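Report on the structure given below.
Quantities reported herein were computed from a predicted structural model and do not represent experimental measurements.
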Amino acid sequence: MGGPTVEELLRRLAPQVLGALVRRYGHFDTAEDATQEALIAAATGWPRDGLPANPRGWLITVASRRLTDLLRAEQARRRREDVVGRRVVAEWRLAPSGHRSPDSDDSLILLFLCCHPSLSPAAQVALTLRAVGGLSTAEVARAFLVPEQTMIRRISRGKQRIRDSGLPFAMPDPAELPGRLAAVLRVLYLVFNEGYASTSGPGLLRADLCAEAIRLTRLLRRSMPDTAEVTGLLALLLLTDARAPARTGPHGELIPMAEQDRSRWRADQIAEGTALVVEALRRGPPGPYQVQAAIAALHDEASGPEQTDWPQIAMLYEVLTTMDASPVVALNRAVAVAMADGPDAGLALVEKVAADGRLARDARLPAVRAHLLERRGDPAAARAEYRTAAARATNLAQQRYLNARADRLTDG
């Protein structure tokens, strides 16, 4: 097995470099600009010159130099070099550095900083996806279903708020951790989902984003080992990611779970994730990530679609709807009910989701409707829904899969 590509390495190192710069110098927005320039220099130079002995140290050095240049330019423009120079550290109540190794990974601290309660929930998620998850602004905008220019303004306001607030670059006090957790878990969940089902581009999977979400969740669990929802989220990510090797074909085509070669699923991740589900559920009433992890475990433990415990999955989705009223959860429940009680029962629930209106432009709604219509034996109606879903999909692999399903019905 070869090592990571330069692109994969840079994506993994980017939040670590940004975290190191913010811890040392403050100025979140300027530090991100400097980090991006260092990444561009590495992407250009490393394939030509070879990897440096210490890639992370190289990036931090180059980004630090660029940050210094940017700060000096800003000082010159404002004609107050000495004042700004004295304020660089004073503006930021930096964490004590004596106990930290120069090689410390600041990604988790950066994650909590981006999810600080002084920021709006939308800004928390958007800023973290951009700074820690490495998503482009366009990808973050698609995740929120808003125009890219709207997201640019939202992220810029978040950076400005962090810069002006004097927020400490340090892990929250233990007493603050529970209250800060919900936004952090949601961010990690969204980063993973963007990697597992990319919203755009030719490929369906972005393994680097999945790996980064899992890595950060492991770090979080290390800090909060007794928090059941953290354990539940880690279990969910591991159990879902375990299916990734069988999720696409040799040409990148999407393979639905019912048709996947389950021998290619990662048995070690399934075993770890299942053990984590059991551990989390023993700690009391479950939260939504634990319920989703339990659903994922039932899928992963089944030897095939016919052996899947669909009644149990439908029941768990019903429990989940009491915790999460999102239309996506309701749509997933409709599929489980259809598998347990027949397609007509599922289609009735799909129409309730459609009446809600929040998925009016989403490809998932007609895709599920098409699947259930096909199971009911109505190929003409299913074909039309597959075409509608393909027209709404923004990922090329999903478009090809949906059109192929429609073509197959036409051929039949």
Side-chain angles (χ1 to χ4, degrees), residues 3-47 49 51-70 100-115 124-141 143 151-152 155-156 158-159 162-163 169 184 187-188 190-195 198-201 203 205-220:
T5 65
V6 169
E7 182 181 358
E8 291 169 342
L9 181 61
L10 292 178
R11 184 178 291 278
R12 187 173 73 238
L13 291 176
Q16 301 178 35
V17 174
L18 176 58
L21 259 64
V22 176
R23 174 165 55 87
R24 294 181 184 182
Y25 305 107
H27 292 274
F28 183 98
D29 51 347
T30 311
E32 190 187 29
D33 291 340
T35 299
Q36 290 302 314
E37 295 198 22
L39 294 172
I40 292 171
T44 303
W46 290 1
D49 304 328
L51 291 179
N54 181 357
R56 181 176 182 273
W58 188 97
L59 287 168
I60 291 175
T61 298
V62 173
S64 296
R65 290 172 181 165
R66 183 54 182 151
L67 178 63
T68 301
D69 292 341
L70 292 170
R100 296 185 62 82
S101 163
D103 294 326
S104 295
D105 184 353
D106 292 306
S107 298
L108 193 57
I109 298 176
L110 184 64
L111 179 64
F112 271 92
L113 178 66
C114 292
C115 296
Q124 291 172 348
V125 178
L127 189 59
T128 307
L129 287 171
R130 179 71 183 90
V132 185
L135 275 67
S136 70
T137 303
E139 289 166 335
V140 180
M151 187 53 63
I152 289 173
I155 291 174
S156 296
K159 292 180 184 179
I162 288 177
R163 185 181 69 181
F169 189 74
V184 171
V187 164
L188 294 172
L190 287 174
V191 172
F192 178 85
N193 280 347
E194 178 60 31
S198 182
T199 54
S200 65
L205 296 169
R206 295 175 60 179
D208 51 348
L209 289 184
C210 293
E212 180 66 7
I214 291 172
R215 186 185 73 83
L216 288 172
T217 307
R218 286 192 188 279
L219 284 175
L220 184 62

Closest non-hydrogen atom pair, [X] against [Y]:
{"X": "Cys115", "Y": "Gln124", "result": "O-NE2, 3.3 Å"}
{"X": "Ala14", "Y": "Thr35", "result": "O-CG2, 4.0 Å"}
{"X": "Ala38", "Y": "Trp58", "result": "O-CZ3, 3.9 Å"}
{"X": "Cys114", "Y": "Ala131", "result": "SG-CB, 4.2 Å"}
{"X": "Ala42", "Y": "Pro47", "result": "O-CD, 3.6 Å"}

Option passing side chain to side chain contact (heavy atoms under 4.5 Å, CB included) with Val132 (candidates Leu110, Val191, Leu108)
Leu110
Could you walk me through whether Leu113 and Phe28 pass the side chain to side chain contact (heavy atoms under 4.5 Å, CB included) check?
CA-CA 10 Å; Leu113 178 66; Phe28 183 98; 4.1 Å; yes
Are the side chains of [Y] and [X] in contact, using a 4.5 Å heavy-atom criterion?
{"X": "Phe192", "Y": "Leu216", "value": "no"}
{"X": "Thr128", "Y": "Leu190", "value": "no"}
{"X": "Trp46", "Y": "Leu9", "value": "yes"}

Once you round to the nearest 0.5 Å, how far does [atom1] of [X] lie from [atom2] of [Y]?
{"X": "Arg65", "Y": "Glu37", "atom1": "CZ", "atom2": "CD", "result": "14.0 Å"}
{"X": "Leu67", "Y": "Arg24", "atom1": "CG", "atom2": "CZ", "result": "11.0 Å"}
{"X": "Asp33", "Y": "Lys159", "atom1": "CG", "atom2": "NZ", "result": "6.0 Å"}
{"X": "Glu212", "Y": "Leu209", "atom1": "CD", "atom2": "CG", "result": "8.5 Å"}
{"X": "Asp49", "Y": "Thr44", "atom1": "CG", "atom2": "OG1", "result": "10.0 Å"}
{"X": "Leu127", "Y": "Leu111", "atom1": "CG", "atom2": "CG", "result": "10.5 Å"}

Where do Leu21 and Val17 land on the side chain to side chain contact (heavy atoms under 4.5 Å, CB included) test, with the steps shown first?
CA-CA 6 Å; Leu21 259 64; Val17 174; 4.2 Å; yes
